[in-house]
2 protein chains.
Amino acid sequence: MTQETGPVPSVLDPEHPPPGEQPPDLDHCREIHETLTILGDRWSLIIIGQLRDRRLRFGELQRAASGISQRMLTLTLRRLEREGLIARTAYAAVPPRVEYSLTEVGSALLGPALELGRWADTHLDTIRVSRRHYDERLPE
Amino acid sequence: MTQETGPVPSVLDPEHPPPGEQPPDLDHCREIHETLTILGDRWSLIIIGQLRDRRLRFGELQRAASGISQRMLTLTLRRLEREGLIARTAYAAVPPRVEYSLTEVGSALLGPALELGRWADTHLDTIRVSRRHYDERLPE
DNA sequence: CTGAATCCCGTCTGATACTG
DNA sequence: CAGTATCAGACGGGATTCAG
């Protein structure tokens with residue numbers, strides 16, 4: 001997810017806007033898609049996870065999130081900073097030193113992320129099997 | 001998220017593969033990214049939400065998920081079926097009648113989705129403000 | 001060390017038209 | 001009704017190069 005092509009539709013009941021009630025019901029959550037737009041990319045959650053318990057410098061982050069390119073690290077950090085999920089601290093020094101840390105909002109995301117992780121742990125194997133079966137049935 | 005360009009890195013600690021312990025720790029979850037790849041697109045969660053408590057026909061789904069094109073509905077349903085999150089039942093009749101319903105795995109996703117919804121409800125306003133501030137500061 | 005700029009490709013998505 | 005086929009645009013992400 002990821003492209004923004006029009007107005008964000010409500011995830012679970014696109015027809016009825018959320019009435020602003022307290023318990024987020026599956027029927028009144030226009031925001032889940034917007035949330036997925038925020039961290040549905042390849043790197044956001046990885047970065048957030050790395051920053052979970054300690055602030056890190058740019059280079060540390062790049063090494064920690066193995067495989068990310070300099071470009072994508074920069075872009076992802078900028079966006080997460082813009083959304084207010086991480087904080088950027090630059091020290092006027094030579095060589096440059098920039099540290100990133102989680103904000104409260106960003107930290108609050110760790111819980112839901114864990115929920116997703118549990119679901120994944122429980123069902124991902126089943127899903128992989130399902131894919132294989134599906135692919136084997138079709139080409140016949 | 002969305003593109004699959006290489007081996008899926010662990011989300012929260014890409015360097016260390018998950019040792020296969022029970023409590024999914026933020027450090028031992030290689031799967032969250034794979035999960036986000038599954039439902040990080042624009043429509044998957046919308047479809048799943050619509051199927052939460054009742055099976056729906058193709059046309060009903062398209063009307064329920066306002067805005068989705070026939071093409072994207074088809075593609076999304078196929079993928080979700082392949083992952084085993086939804087089940088497709090076709091009735092040999094004229095006119096054709098196809099119904100979609102959640103599988104157990106798909107239903108199990110509703111909980112984590114609600115968690116994300118709560119996070120969104122709590123913090124999304126803050127995030128929107130943060131974006132505005134960020135955009136106002138920069139262009140100066 | 002921390003980034004910005006550019007080029008390039010694959011994918012996601014929508015619009016439209018056609019079919020059993 | 002429930003799709004399939006084709007076209008075209010937007011965006012994500014990597015590689016590489018340059019700069020403060």
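Every chain is numbered from 1 and lettered A, B, ... according to where its sequence line falls, protein lines coming before strand lines.
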Are the side chain of Ser130(B) and the backbone of Arg82(A) linked by a donor-acceptor contact shorter than 3.5 Å?
yes
Within residues 74-90 of chain A, the residues having a heavy atom closer than 4.0 Å to DNA chain D are none
Contact class for Tyr100(A) vs. all strands (heavy atom < 4.0 Å): base, sugar-phosphate, or nothing?
sugar-phosphate
Can you tell which of dT4(D), dG20(D), dG13(D) lies closest to the side chain of Asp41(A)?
dG13(D)
Using whole Å, report how far CD1 of Ile68(A) lies from P of dG12(D).
14 Å
Phe58(B) side chain: which of dG3(C), dA2(D), dG20(D) is closest?
dA2(D)
NZ/NE/NH1/NH2 to OD/OE distance under 4.0 Å, Arg42(B) and Glu34(A):
no
Quick note, Trp43(B) side chain, CB onward, closest among dT13(C), dC1(D), dG3(C) is dT13(C)
Mind calculating the distance between CE (Met72(B)) and C1' (dA2(D)) to the nearest angstrom?
17 Å
Separation of Leu73(A) atom CG from dG13(D) atom C1', in whole Å?
13 Å
If only side-chain N and O atoms of Arg57(A) are considered, is one of them under 4.0 Å from the OP1 or OP2 phosphate oxygen of dT2(C)?
yes
When you measure from the side chain of Arg71(A), which nucleotide among dT17(D), dC7(C), dC7(D) comes out closest?
dC7(C)
Under 4.0 Å between a side-chain N/O of Arg42(B) and OP1 or OP2 of dG14(C), yes or no?
yes
